[in-house]
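Have a look at the structure below, then the notes.
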Amino acid sequence: MTFDLGPALLFCPADRPERFQKASERADAIILDLEDAVLPDAKDAARRNVIAADLDPNRVIVRVNAPDSGAFAADLAALAQTDFRTVMVAKTEDVESLAAFDERYSLIALCETARGIHAADRIAAHPRVSAMMWGAEDLVASLGGTSSRHADGGYRDIARYARARVLLESGAHGKAAIDAVHIDLEDADGLRHEAVDAAASGFSATACIHPNQVAAIRAAYRPDEPIENLHPSRLPRVALRISVRLRGRRSAPRWRPTARSNRPRRRARRAPSR
């Protein structure tokens, strides 16, 4: 199975059906969220909304609750009544938990706990997994921590390790990797920086939580704007992306001196001074 939905994946709470169409129009793909974005007493209504959703199944991902949760079975029953077959499995921690899905489904394994990150190699190898994603906040919470980021907004080492491990294991098994959401909606510069880094590092997409984040993510993965139209402050980042895109291509033949050019040049004789 392959994953190719585009770079900007927008989460949308499944209990807000009035947002479905707009979210689908704004992003490359929409993630109908039955997990964190929906309160427990709203999950039944959210499932009915997913069943009734009039959206292109090829551009929809449904995030279901964790396999060991009480909501998981009901999520699967709702999915069976739809044409949606790309499923993000929250808090994936082992391959055994994915046995509930048959060959009709393409799975995005969301590794966001210590156990999930530890088992990333085995999860990535699962035949129905087409992509991997990581999550920072739940990971840190599973370790007893309180925050995935430093005061300056940068990730702590444990989050950086998890991000790298999911990317490496995805690549090693030929699967796509999806970068985590940037939850600070006011930090536009931080979002752009992380999206550019994700694209340069090899991620296939970045998830987001607001339509206003889509443009920055698309620009990071698709730097097609003419150079002459760019603000000077963006040129270093664009140069970085271009250099990454050129890697792997055959480089132009390097000039090599001929045998004649290797000979030391004779100095012209100077006229004797008078």
Side-chain angles (χ1 to χ4, degrees), residues 8-13 31 33-40 43 61 63-72 87-98 107-124 129 131-172 175-210 213 216-217 220:
L9 313 179
L10 178 60
F11 275 100
C12 185
I31 306 172
D33 192 6
L34 290 169
E35 199 219 6
D36 282 349
V38 181
L39 294 173
K43 289 191 184 292
I61 301 165
R63 177 162 76 164
V64 298
N65 287 271
D68 62 355
S69 71
F72 183 67
V87 183
M88 180 179 290
V89 185
K91 297 179 178 64
T92 304
E93 295 187 334
D94 53 62
V95 294
E96 290 76 16
S97 65
L98 303 179
L107 305 181
I108 301 173
L110 178 48
C111 298
E112 51 184 339
T113 64
R115 290 183 61 189
I117 298 299
H118 180 67
D121 56 339
R122 297 184 294 278
I123 294 170
V129 169
M132 302 270 285
M133 180 174 163
W134 76 287
E137 300 308 321
D138 284 330
L139 167 64
V140 171
S142 75
L143 295 168
T146 58
S147 175
S148 67
R149 295 181 184 267
H150 295 290
D152 64 0
Y155 278 125
R156 298 183 188 277
D157 286 347
I158 188 61
R160 293 171 58 209
Y161 167 77
R163 183 176 188 250
R165 178 162 171 76
V166 167
L167 176 60
L168 285 169
E169 295 301 340
S170 298
K175 310 298 175 67
I178 302 169
D179 203 14
V181 299
H182 191 84
I183 61 176
D184 187 350
L185 297 180
E186 302 299 321
D187 183 21
D189 287 339
L191 170 65
R192 283 192 292 269
H193 173 78
E194 289 182 6
V196 168
D197 181 75
S201 297
F203 283 92
S204 298
T206 293
C208 57
I209 58 175
H210 195 279
Q213 296 179 312
I217 293 171

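In this text the structure is predicted, and so the values were computed from the model without any measurement.
Residues meeting the side chain to side chain donor-acceptor pair (under 3.5 Å) test with Ser170, sequence neighbours left out: none. Legend: residues meeting side chain to side chain donor-acceptor pair (under 3.5 Å) with Asp68, ordered by chain and number and at least two apart, are absent. Contacts of His118 classified as side chain to side chain contact (heavy atoms under 4.5 Å, CB included), with partners at least two apart in sequence or in another chain: Arg122.
Here the OG-CE distance, from Ser204 to Met132, works out to 12.5 Å after rounding to the nearest 0.5 Å. Atom-to-atom distance recorded for Glu137:CD and Leu139:CG is 9.0 Å, nearest 0.5 angstrom. For the atom pair Ser148 OG and Leu143 CG, the distance stands at 11.5 Å (nearest 0.5 Å).
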Practice task
Would you please test Arg63 and Leu110 for side chain to side chain contact (heavy atoms under 4.5 Å, CB included) and show each step?
Solution key: CA-CA 9 Å; Arg63 177 162 76 164; Leu110 178 48; 3.5 Å; yes

Exercise for the section: Apply side chain to side chain contact (heavy atoms under 4.5 Å, CB included) to Ile117 and Val166, showing your working. Expected result: CA-CA 7 Å; Ile117 298 299; Val166 167; 3.8 Å; yes

Practice task
Let me see the working for Ile178 and Trp134 under side chain to side chain contact (heavy atoms under 4.5 Å, CB included), right down to the final yes or no.
Solution key: CA-CA 7 Å; Ile178 302 169; Trp134 76 287; over 6 Å; no

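Put simply, the side chain of Ser142 gets close to the backbone of Ala114: a donor and an acceptor are under 3.5 Å apart. A donor-acceptor contact shorter than 3.5 Å is absent between the side chain of Asp179 and the backbone of Ala195. With hydrogens and angles disregarded, a donor-acceptor distance shorter than 3.5 Å links the side chain of Gln213 to the backbone of His182. Although no hydrogens or angles enter the test, the distance criterion places a donor-acceptor pair under 3.5 Å between the side chain of Arg156 and the main chain of Ser147. Using a distance-only test at 3.5 Å, with no hydrogens or angles considered, a donor-acceptor pair links the side chain of Lys175 to the main chain of Val129.
Among all heavy-atom pairs drawn from Asp33 and Val38, the shortest one is O-CG2, 3.1 Å. Minimum heavy-atom separation, Glu93 to Ile123: C-CD1, 4.0 Å. Contact record, Ala199 with Ala220: CB-O, 3.6 Å, taken as the closest heavy-atom pair. In terms of heavy atoms, Tyr155 sits closest to Val181 at OH-O, 4.1 Å. Nearest approach of Ile158 to Val140, heavy atoms of both residues: CG2-CG2, 4.3 Å. Summarising the geometry of Met133 relative to Ala207, their closest heavy-atom pair is CE-CB, 3.6 Å, with the distance given to 0.1 Å.
Counting heavy atoms from C-beta outward, Met88 and Ile31 have side chains that approach closer than 4.5 Å. Annotation: side chain of Val89 is not in contact with side chain of Ser97 (no heavy-atom distance under 4.5 Å). At least one side-chain heavy atom of Lys91 sits less than 4.5 Å from a side-chain heavy atom of Asp36. Proximity of Ile217 to Leu191: side-chain heavy atoms (C-beta onward) are separated by under 4.5 Å at one or more points.
Using a cut-off of 4.0 Å between Lys/Arg side-chain N and Asp/Glu carboxylate O, Arg163 and Asp197 are scored as salt-bridged.
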